[in-house]
Amino acid sequence: MSAQQHPNTPGSQILTVLIALLSLMGIAAAQQPASELNATIEKHRKGVLVIEAAPGTEVQVEQLRHEFWFGAALANQVFSGRMRAEDREKYLSIFLTNFNCAVTENALKWHDMEPRRGSVNYATVDAILAWTDEHHLPLRGHNIFWGIPNRVQDWLKNLPDDEFRQALQARALDIGRRYRGRFAEYDLNNEMIHGNYYEQRLGKDITLQMAQWVRQGDSNAVLYLNDYDILTGARLEDYLRHIRTLLDQGVPIGGIGVQGHLHAETFDPAALRSALEKLSQFKLPIRITEFNLPGQRSKYYQDRSLRMTEAEEQAKAKALAEYYRICFACPQVEGILMWGFWESANWIPVSSLYRRDWTPLPAAEAYQDLLFREWWTRWQGKTDAKGRCEVPAFFGQYRIKAGGVEQTATLKKSVGKQLVAFKTGS
């Protein structure tokens, strides 16, 4: 008879112990990656605020904003008069509550700005910049060029090569000069490994020339690459080769953009971590530029009428938190931007944080729990006998109060430590 038939036999006891050990090992294995990520976050996302005041002074530290970019796309209709006033007000208010940076969803795209030659719509871009400037939000310019053939205007395609090149130069100079110093960074030419009509027409040096023309208009313009299916691993090796080629050509790449919406209902954590690790070899800033969950390979993209059950919403929230944790733990990643956060202004509606009636979804709660609780520094205590205290803190902006006096300070990752001194008198 087997041990299973006699639960008190020595064999059954050994089996029970083995099962228990294997179970514990399985739990530990599942928990280990999260603990490793948290340790990496502590190491790479925190510095030290050094506060000096009279000995025994009461000190309060309150974080105001992250240095890391937690952002979202700004929809055209919010700034072009095509949204109800009450929704616009709610949209902008919730944006400021959740995000510290932004990206133009469609307003800067050439085919959106100039669908007919010579008829350029600057108004939407200007309105977005006015609002982000007012609220001190860095803004990504997406994008100056987009060489996927069906995104290139027919009027442009119909030009002879010399005029075609002149039109590209005029576009680059116009954006560079008109918005000099206004955009924090640009996507230079979107999705080049998937299609590059400009290169087909004008040769492999055109990307360098585009960058040079933009820089003629704005010598400090920060130019990013941006492409998709990288974080899934599907086109990662192609992208690595592409980046090396452009760097060898002398293209002034300011950062690496990777879109985050080519997964399905969830994502592969191992593929994400591997991709970020391999992209980090270039020692360039990495931004996750267009994040949606569920993504473009999900059933919800194929059928926009589908809605999630409560259990599916909870699973989405858990996956979102894991995705953000992996990205935040990677030292080279400097930001994540959602490609929509409200169901009525999001190309994959169920990937939103808020329903159409502005009810927050579980994903909103998970997102806010990470940013404003787990990854947010609040501290209260006293200076020691030497009039000093050292506070581990996430990189960002702070309000610090000591003895009834208030100061603001910025703790930068590039520095690692910031001294905040309060006069102690004579």
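- Ion pair Glu406/Arg399 flagged as a salt bridge, since at least one NZ, NE, NH1 or NH2 atom sits closer than 4.0 Å to an Asp/Glu carboxylate oxygen.
- With 3.5 Å as the limit, one finds no donor-acceptor pair spanning the side chains of Asn346 and Tyr354.
- Between Arg297 and Asp229, at least one side-chain nitrogen of the basic residue sits less than 4.0 Å from a carboxylate oxygen of the acidic one, meeting the salt-bridge criterion.
- A salt bridge links Glu374 to Arg325: one of the charged nitrogens lies within less than 4.0 Å of a carboxylate oxygen.
- Between the side chain of Gln63 and the main chain of Thr377, a donor-acceptor pair closer than 3.5 Å is present.
- Ring to ring, Trp69 and Phe99 are not that close: their centroids are 6.0 angstrom or more apart.
- In this structure Glu86 satisfies the salt bridge (Lys or Arg N to Asp or Glu O under 4.0 Å) test together with Arg84, sequence neighbours excluded.
- Residues passing the side-chain contact (heavy atoms from CB on, under 4.5 Å) test with Phe282 are Leu240, Ile243, Arg244, Leu247, Ile256, Leu284, sequence neighbours excluded.
- Under the salt bridge (Lys or Arg N to Asp or Glu O under 4.0 Å) criterion, Glu365 pairs with no residue, sequence neighbours left out.
- The aromatic rings of Phe291 and His263 sit tilted relative to each other, their planes meeting at an angle between 30° and 60°.
- Taking the ring centroids of Phe341 and Tyr367, they lie at or beyond the 6.0 Å cut-off.
- With sequence neighbours excluded, no residue satisfies side-chain hydrogen bond (donor to acceptor under 3.5 Å, both in side chains) with Arg304.
- Here salt bridge (charged side-chain N to carboxylate O under 4.0 Å, His left out) pairs that include residues 327-348, with residues two or more places apart or in two chains, are Glu343-Arg356.
- Checked against side-chain hydrogen bond (donor to acceptor under 3.5 Å, both in side chains), Gln212 has no partners two or more places apart in sequence or in another chain.
- Residues passing the salt bridge (Lys or Arg N to Asp or Glu O under 4.0 Å) test with Glu237, sequence neighbours excluded: Lys278.
- Taking the six-membered ring for Trp, Phe95 and Trp131 have ring centres closer than 6.0 Å.
- Contacts of Lys204 classified as salt bridge (Lys or Arg N to Asp or Glu O under 4.0 Å), with partners at least two apart in sequence or in another chain: none.
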Report all side-chain donor-acceptor pairs from residues 180-189 shorter than 3.5 Å, counting only partners two or more places apart or in another chain.
from   : atom 1 : to     : atom 2 : distance (Å)
Arg180 : NE     : Gly217 : O      : 2.9
Arg180 : NH2    : Gly217 : O      : 3.0
Arg182 : NE     : Asp133 : OD2    : 3.0
Arg182 : NH2    : Asp133 : OD2    : 2.7
Glu185 : OE1    : Arg287 : NE     : 3.2
Glu185 : OE1    : Arg287 : NH2    : 3.1
Glu185 : OE2    : Arg140 : NE     : 2.6
Glu185 : OE2    : Arg287 : NE     : 2.8
Asp187 : OD1    : Arg140 : NH1    : 3.3
Asp187 : OD1    : Arg140 : NH2    : 2.7
Asp187 : OD2    : Arg140 : NH1    : 3.0
Asp187 : OD2    : His142 : ND1    : 2.8
Asn189 : OD1    : Gly147 : N      : 3.1
Asn189 : ND2    : Asn196 : OD1    : 3.4

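- Inter-residue side-chain proximity for Leu353 and Leu361 is flagged as unmet; no heavy-atom pair is nearer than 4.5 Å.
- Every residue two or more places apart in sequence or in another chain that forms a side-chain contact (heavy atoms from CB on, under 4.5 Å) with Lys417 is listed here: Val48, Val50.
- Taking each heavy atom of Leu225 and His242 in turn, the nearest pair found is CD1-CD2, 4.3 Å.
- By the side-chain contact (heavy atoms from CB on, under 4.5 Å) test, Pro331 pairs with His44, Lys413, sequence neighbours left out.
- Aromatic ring centroids of Trp146 and Trp110 lie 6.0 Å or more apart.
- Under the 6.0 Å cut-off for aromatic ring centres, Phe328 and Phe68 qualify, their centroids lying closer than that.
- Partners of Pro55 according to the side-chain contact (heavy atoms from CB on, under 4.5 Å) rule, which considers only residues two or more places apart in sequence or in another chain, do not exist here.
- With salt bridges taken as basic N to acidic carboxylate O contacts below 4.0 Å, one links Asp238 and Arg241.
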